[in-house]
Amino acid sequence: MYDDGDGPGAAATRLTGRAATEERPLSDGLTEVVLDDGRAVAVKRADGIEEARAEAAGLAWLAGAGAARVPTTYGQDGPWLVIDLVARGRPNREAALDLGRELAGLHRAGAPAFGAAPPGGPRDAYIGRAPMRNVEGADWPTWYAEHRVLPYLRRAVDDGTVTPSEAAVIERLCARLPDLAGPAEAPARLHGDLWNGNV
């Protein structure tokens, strides 16, 4: 039996109930672990417990819509998150069409409000490594400007990445966002990290 103390293999064993037989690092903080029944799972070590809890809650919320295929989440234990390892495939037209249909269904599943945390998810979450507050709002343009653009713009100005004059352009755009956004739409259930590796 494979045992590495409190590493990815031990986390996979605790959360799946199966012994880990081997592991292979995939990237910083992500490890493929093979279980004694031959299944492979992905074990992710988050930067903290709340980050892992947020991701586990988000995946459960997405899966609960029944609209898009989401890896099975075996659980979160401290900073560890264990999910099914999804086999990589080659991009093609049919896969892209399937993804589009599934995402449309996911969006139609709705959300209680813009910025609502997934059930069981924390109010204080992350966008990448930056802190993100799940503050609810009823009006998308105003909510988006106040909670998803301006806090990060202020940080960028504070750390010198964006100049105050550059920030002023974005602030003016945020003020005009209600007029530019088009007709109001209901809140949608979204995957907040849909990059190629998560497709």
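- The closest side-chain heavy-atom distance from Glu23 to Val34 is not below 4.5 Å.
- By the 4.0 Å N-to-carboxylate-O rule, Asp98 lies close enough to Arg101 to be salt-bridged with it.
- Using a 4.5 Å heavy-atom cutoff, the side chains of Leu59 and Leu81 are in contact.
- Tracing side-chain contacts under 4.5 Å through hydrophobic residues (I, L, V, M, F, W, Y), one never reaches Ile83 starting from Trp80; they form parts of separate clusters.
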Report the C-alpha distance between Thr72 and Asp84 in whole Å, list the side-chain angles of each, state the deciding distance to 0.1 Å, and finish with yes or no for side-chain hydrogen bond (donor to acceptor under 3.5 Å, both in side chains).
CA-CA 5 Å; Thr72 299; Asp84 275 335; 3.1 Å; yes
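- Between Leu85 and Leu26 the shortest side-chain heavy-atom distance falls below 4.5 Å.
- Taking both residues in full, the closest heavy atoms of Ala20 and Val33 are given as CB-CG1, 3.6 Å, listed atom of the first, atom of the second, then distance.
- Side-chain contact between Trp143 and Arg148: present, with at least one pair of heavy atoms (C-beta onward) separated by less than 4.5 Å.
- One distance of note links OH of Tyr144 with CG of Leu150; it measures 10.5 Å at 0.5 Å rounding.
- The cluster map of Ile, Leu, Val, Met, Phe, Trp and Tyr, joined by side-chain heavy atoms under 4.5 Å apart, puts Leu99 and Val70 in the same cluster.
- Side-chain contact check for Pro131 versus Glu50: every heavy-atom pair is 4.5 Å or farther apart.
- The distance from the CG atom of Leu62 to the CZ atom of Arg69 is 14.0 Å, given to the nearest 0.5 Å.
- To the nearest 0.5 Å, atom OG1 of residue Thr13 and atom CZ of residue Arg18 are 10.0 Å apart.
- Nearest heavy-atom pair, Pro141 versus Leu177, reported as atom, atom and distance to 0.1 Å: O-CD2, 3.6 Å.
- Taking every heavy atom of both residues into account, Val41 and Ala12 meet most closely at CG2-CB, 4.1 Å.
- Met132 belongs to a hydrophobic cluster whose remaining members, ordered by chain and number, are Ile127, Tyr152; membership requires side-chain heavy atoms of ILVMFWY residues under 4.5 Å apart, directly or through intermediates.
- Residues Gln76 and Leu15 form no side-chain contact, since every pair of their non-hydrogen atoms from C-beta on lies 4.5 Å or further apart.
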Between Glu94 and Leu97, is the side chain to side chain contact (heavy atoms under 4.5 Å, CB included) condition met? List the steps.
CA-CA 5 Å; Glu94 197 55 43; Leu97 291 171; 4.1 Å; yes
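- For Gly78 against Ala52, the heavy-atom pair with the smallest separation is O-CB, 3.6 Å.
- Nearest heavy-atom pair across Ala111 and Ala188 is CB-O, 3.8 Å.
- Between Arg189 and Glu102 there is no salt bridge, since no side-chain N of the basic residue sits under 4.0 Å from a carboxylate O of the acidic one.
- In this structure the side chain of Arg14 reaches within 4.5 angstrom of the side chain of Asp6, judged on heavy atoms.
- Residues passing the side-chain hydrogen bond (donor to acceptor under 3.5 Å, both in side chains) test with Asn92, sequence neighbours excluded: none.
- Nearest approach of Pro151 to Ala145, heavy atoms of both residues: CD-O, 4.2 Å.
- Within the model, atoms CD of Glu51 and CD1 of Ile49 stand 11.5 Å from one another, a figure rounded to the nearest 0.5 Å.
- For the side-chain hydrogen bond (donor to acceptor under 3.5 Å, both in side chains) condition, no pair includes a residue of residues 169-179, sequence neighbours left out.
- Interatomic distance, CZ of Arg39 versus OG1 of Thr21, reported as 11.5 Å (0.5 Å rounding).
- Both Leu153 and Trp140 belong to a single network of hydrophobic side chains, linked directly or stepwise wherever heavy atoms of I, L, V, M, F, W or Y lie under 4.5 Å apart.
- You'll find the side chain of Leu180 reaches within 4.5 Å of the side chain of Leu173, heavy atoms only.
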